[in-house]
Amino acid sequence: MNEIEKKFSTLPDKDRETIISYGASLRLTSLKKRFFLADQKVKFFENQYKTTLKKVETGGIPDDADHEMHEDYIEWSHWVKAAEKCKNEIALVQGIVQQGLRTEDFPYVGY
C-alpha cells in the first residue's frame, strides 16, 4: 500500500465515498474528451480512405500504397486502440458515476 492509499484508508467512509464520487466524475469527463478526440481521428482516416481499419487489416495495405498511407496506417491503428481503451474505461467508471454525487455535500445547491 503506498502513502496515498494509507492516508486515504484513514478517512471516514463518507469522505472516501465522496472523494471517489468526485474523482470518478472528473475521470469520466476526461475519458469522454479523450474518446471524442480518438473517435474523430478514426473517422478522419475512414473518410480519407473510404474504409475501416478492420477492412484494411483483413485485406492488407494495397500494393500500390504510398509512404503516407503506411504512416497513416500506424497512426490510424493507434487511434483505434486509443478509442477502444477509452470506451472500455468509460464503461468501468460509468458504473461508479451512476451511483451519483453525494448531494449532502452541497447544502446550498439550488439556493
Side-chain angles (χ1 to χ4, degrees):
M1 190 180 286
N2 67 35
E3 280 302 308
I4 292 174
E5 291 171 321
K6 287 178 188 174
K7 291 180 186 219
F8 183 75
S9 68
T10 65
L11 294 171
D13 289 346
K14 180 182 173 187
D15 291 341
R16 286 186 292 186
E17 289 175 20
T18 299
I19 290 168
I20 290 170
S21 179
Y22 287 142
S25 294
L26 291 171
R27 180 72 175 144
L28 184 60
T29 299
S30 175
L31 287 168
K32 285 182 175 183
K33 287 178 184 178
R34 289 173 55 195
F35 175 75
F36 179 79
L37 172 65
D39 189 53
Q40 292 303 306
K41 296 286 188 175
V42 169
K43 287 177 181 174
F44 169 81
F45 287 116
E46 288 175 349
N47 287 335
Q48 182 173 344
Y49 292 104
K50 307 288 188 250
T51 189
T52 64
L53 182 66
K54 189 171 188 143
K55 289 179 183 176
V56 171
E57 290 177 336
T58 300
I61 296 175
D63 292 336
D64 63 347
D66 59 7
H67 182 70
E68 182 181 358
M69 183 172 189
H70 286 273
E71 287 181 357
D72 286 350
Y73 171 77
I74 293 167
E75 188 176 347
W76 193 357
S77 297
H78 163 77
W79 288 115
V80 167
K81 289 174 189 171
E84 190 61 32
K85 182 179 178 188
C86 285
K87 193 185 311 183
N88 292 336
E89 289 181 37
I90 287 169
L92 293 172
V93 175
Q94 188 77 44
I96 297 169
V97 172
Q98 286 176 344
Q99 300 300 313
L101 291 174
R102 297 177 60 102
T103 55
E104 62 267 18
D105 296 325
F106 301 105
Y108 301 108
V109 171
Y111 289 98

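This is a predicted model, so every value here is computed, not measured. All residue numbers refer to positions in the sequence shown, counting from 1.
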Pairwise distance [atom1]([X]) to [atom2]([Y]) - rounded to 0.5 angstrom:
X   : Y   : atom1 : atom2 : result
M1  : K7  : CE    : NZ    : 13.5 Å
Y49 : F44 : OH    : CZ    : 8.0 Å
K43 : T52 : NZ    : OG1   : 14.0 Å
D72 : K41 : CG    : NZ    : 11.0 Å
E89 : L28 : CD    : CG    : 11.0 Å
S77 : E57 : OG    : CD    : 5.0 Å

Inset, instruction - Answer yes or no: is there an ion pair linking K6 with E3, defined by an N-O contact shorter than 4.0 Å? - result: yes
Are the side chain of [X] and the backbone of [Y] linked by a donor-acceptor contact shorter than 3.5 Å?
X   : Y   : result
S30 : L26 : no
E71 : E68 : no
K50 : N47 : yes

Contact between [X] and [Y] at the side-chain level, heavy atoms closer than 4.5 Å - yes or no?
X   : Y   : value
W79 : D39 : no
R27 : K32 : no
E75 : F45 : yes
I74 : H78 : no
W76 : E46 : yes
I96 : S21 : no
L53 : V42 : no
K81 : E84 : no

Inset, instruction - Find out if a path of hydrophobic residues (ILVMFWY) with successive side-chain heavy-atom gaps under 4.5 Å connects Y73 to V80. - result: yes
Inset, instruction - Group every Ile, Leu, Val, Met, Phe, Trp and Tyr by side-chain heavy-atom contacts under 4.5 Å, then state whether L92 and I20 land in the same group. - result: no
Inset, instruction - Mark yes when over 12 heavy atoms from residues, nucleotides or ligands other than H70 sit less than 6.0 Å from its NE2; otherwise mark no. - result: yes
Inset, instruction - Take atom CZ of F8 as the centre, draw a 6.0 Å sphere, and report whether it contains more than 12 heavy atoms from other residues, nucleotides or ligands. - result: yes
